[in-house]
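What follows is a single structure, written as structure tokens, with notes after it.
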Amino acid sequence: MKLRHVILAAALSLLPLSAHAGAKLADFALADRIKAKIAAGEPLDIYVSYHDVSNEFAPFMKAGVERAAKEDKVGAQFIGPVGADADGQISEIETLMGKMDGLAISSVSTDALAPLIDRVIAAGIPVVTFNTDNPESKRLAFAGQDLVQSGREAGKLMAKVLGGKGKVMITTIDAAAQWSLDREKGAREALTAEPGIEVVSTLNTGTDPQKIYAAIENAMLANPAISGVLSLECCSTPAAGTWVERNNAADKVKVVGFDLLDQTVQLVQDGNVEATIDQAPEKQGFAAVDLIVQFLKGQPIENLDTGVGVYTKENIAEVAKK
């Protein structure tokens with residue numbers, strides 16, 4: 001089967017991913033001040049907290065939030081820490097408890113943010129998660145990609161482009177983050193199922209672009225037997241592809257990664273990245289706001305799976321045109 005055909009649920013679809021699906025306003029103890037705003041027809045104020053507003057992926061999310069604010073006619077603020085800082089994310093949200101009519105959150109840490117989500121819910125403020133789920137909390141719904149499954153798909157792609165044999169290094173900008181742990185879990189499940197493939201290490205690169213490249217370069221020098229690099233996110237993918245490009249190593253080292261940054265799209269076109277997986281970030285940002293709006297209008301909401309879209313040299317022109 002050709003890689004261009006491995007595009008799974010690229011469009012938004014309603015899929016129940018957990019027991020929290022089907023949340024209804026009638027079953028929710030909404031705060032009196034929010035009830036009063038709705039009754040008076042006043043604009044709602046929704047806050048969308050992303051786990052790191054400084055990374056290169058954040059603008060795509062923010063664009064979706066801004067589109068939802070216009071279409072749903074609400075106030076929607078895109079907030080979050082600079083750098084993955086759980087304490088910073090918690091502190092910022094706590095200061096807004098009396099202002100927000102709804103919260104959408106992508107947690108820096110599932111464990112650290114779950115109690116806060118539950119406190120916000122207990123205060124009568126609806127909460128949904130997006131991009132990174134927090135299923136142990138009382139959140140009402142989740143909009144985003146199944147991260148473990150997307151990791152599995154990345155692992156399967158890696159195995160395919162390596163022909164079932166090789167040594168693989170996994171890269172991530174934040175190995176301790178829940179989204180990274182989930183993706184790595186899926187990737188390792190897929191890769192360890194291949195007897196001819198060995199996962200040699202997980203490289204935690206940090207978020208600085210120059211340091212990401214340097215970390216990958218040093219790792220490749222230390223272990224020249226590596227034949228595959230599997231990036232778990234947006235920002236080490238182009239760094240790995242650039243290393244391949246600079247070292248004329250496209251025939252020796254295969255890269256599979258995530259997201260559709262401009263540099264990644266070009267590297268796929270040039271054959272220096274074999275495949276990249278899209279998770280529809282603009283749609284995630286839009287859904288983060290829209291789910292809360294629909295909930296406050298009295299409509300039941302369910303989890304929204306934004307799918308796994310696989311792009312290779314065969315179909316990346318679709319993205320480049322846009």
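Put simply, the side chain of Gln294 does not reach to within 4.5 Å of the side chain of Leu291, judged on heavy atoms. Under the 4.5 Å side-chain criterion, counting only non-hydrogen atoms from C-beta, Gln178 is not in contact with His51. Residues Ser107 and Ile117 meet the side-chain proximity criterion, which asks for heavy atoms closer than 4.5 Å. Counting only heavy atoms from C-beta outward, the side chains of Val168 and Leu162 approach each other to under 4.5 Å. Thr205 places none of its side-chain heavy atoms less than 4.5 Å from the side chain of Lys211. Taking 4.5 Å as the limit, every side-chain heavy atom of Leu25 sits out of range of all side-chain heavy atoms of Gln299. In this structure, the side chains of Leu232 and Ile170 come closer than 4.5 Å at one or more pairs of heavy atoms. Taking the side chain as every heavy atom from C-beta outward, Ser150 and Val308 approach each other to under 4.5 Å.
Nearest heavy atoms, Ala175 versus Asn204: N-OD1, 3.1 Å. Here the closest heavy-atom approach between residue Asn131 and residue Met61 is recorded as ND2-CE, 3.0 Å. Considering every non-hydrogen atom in both Ala288 and Val48, the closest pair reads CB-CG1, 4.3 Å. Leu267 and Pro238 get closest at one heavy-atom pair: CD1-O, 3.4 Å. In plain terms, the two heavy atoms of Gln145 and Gln284 that are nearest each other are N-NE2, 3.7 Å.
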Practice task
Check the pair Asp101 / Arg33 against side-chain contact (heavy atoms from CB on, under 4.5 Å), numbers first and verdict last.
Solution key: CA-CA 9 Å; Asp101 303 319; Arg33 63 173 182 81; 3.0 Å; yes

Problem - Trace of the side-chain contact (heavy atoms from CB on, under 4.5 Å) decision for Met220 with Val253 - result: CA-CA 10 Å; Met220 297 303 290; Val253 178; 3.9 Å; yes

Exercise for the section: For Thr207 and Ile212, run side-chain contact (heavy atoms from CB on, under 4.5 Å): C-alpha distance rounded to whole Å, both residues' side-chain angles, the deciding distance at 0.1 Å, then the answer. Expected result: CA-CA 7 Å; Thr207 59; Ile212 293 172; 5.5 Å; no

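Judged by distance alone, the side chain of Glu198 and the main-chain N or O of Thr192 form no donor-acceptor pair under 3.5 Å. Between the Gln149 side chain and the Arg152 main chain, no donor and acceptor come within less than 3.5 Å of each other. Panel note: side chain Asp278, backbone Ala280; a donor-acceptor pair is recorded below 3.5 Å. Between the Ser91 side chain and the Gly88 main chain, no donor and acceptor come within less than 3.5 Å of each other.
For the pair Arg246 and Tyr213, the distance from NZ or CZ to the six-membered ring centre is under 6.0 Å and the angle to the ring normal is within 45 degrees.
Every residue two or more places apart in sequence or in another chain was checked for a salt bridge (Lys or Arg N to Asp or Glu O under 4.0 Å) with Glu245, and none qualifies. Under the salt bridge (Lys or Arg N to Asp or Glu O under 4.0 Å) criterion, Lys156 pairs with Glu153, not counting sequence neighbours. For Ile316, the side-chain contact (heavy atoms from CB on, under 4.5 Å) criterion is met by Leu260, Val265, Val268, Gln269, Tyr311, Val319, not counting sequence neighbours. A search for salt bridge (Lys or Arg N to Asp or Glu O under 4.0 Å) contacts involving Asp45 returns Lys37, not counting sequence neighbours.
Sorted by first and then second residue, the pairs that involve residues 23-42 and meet ring pair (Phe, Tyr, Trp, His ring centres under 6.0 Å), not counting sequence neighbours, are Phe28-Phe295. Within the structure, every pair that satisfies the side chain to side chain donor-acceptor pair (under 3.5 Å) test and touches residues 69-84, not counting sequence neighbours, is listed here: Arg67-Glu71.
Here the straight-line distance linking atom CD of Glu92 with atom CG of Asp87 works out to 13.0 Å at 0.5 Å rounding. Here Glu136 contributes atom CD and Leu113 contributes atom CG; the two are 13.5 Å apart, rounded to the nearest 0.5 Å. One finds the CD1 atom of Ile105 at 8.0 Å from the CD1 atom of Ile90 (value rounded to the nearest 0.5 Å). The NZ atom of Lys62 sits 13.5 Å away from the CD atom of Glu282 when rounded to the nearest 0.5 Å. Distance CZ/Phe258 to CD1/Ile277: 4.0 Å, rounded to 0.5 Å. Interatomic distance, Trp179 CH2 to Asp133 CG, rounded to the nearest 0.5 Å: 15.5 Å.
Cluster membership check: Leu181 does not share its hydrophobic cluster with Phe130, using side-chain heavy-atom separations under 4.5 Å among Ile, Leu, Val, Met, Phe, Trp and Tyr. Cluster membership for Val199 and Val148, using ILVMFWY side-chain heavy atoms within less than 4.5 angstrom, is not shared. Hydrophobic clustering of Ile, Leu, Val, Met, Phe, Trp and Tyr side chains at less than 4.5 Å, counting indirect connections, keeps Val108 apart from Val82.
For the side chain to side chain donor-acceptor pair (under 3.5 Å) with Gln279, the qualifying choice from Asp146, Asp259, Thr306 is Asp259, the only one to do so.
With hydrogens and angles left out, the side-chain atoms of Asp111 and Ser109 include no donor and acceptor closer than 3.5 Å. Of the N and O atoms on the side chains of Gln263 and Thr242, at least one donor lies less than 3.5 Å from an acceptor on the other residue. With hydrogens and angles left out, the side-chain atoms of Thr172 and Arg183 include no donor and acceptor closer than 3.5 Å.
Other residues, nucleotides and ligands place more than 12 heavy atoms under 6.0 Å from the CG atom of Asn223.
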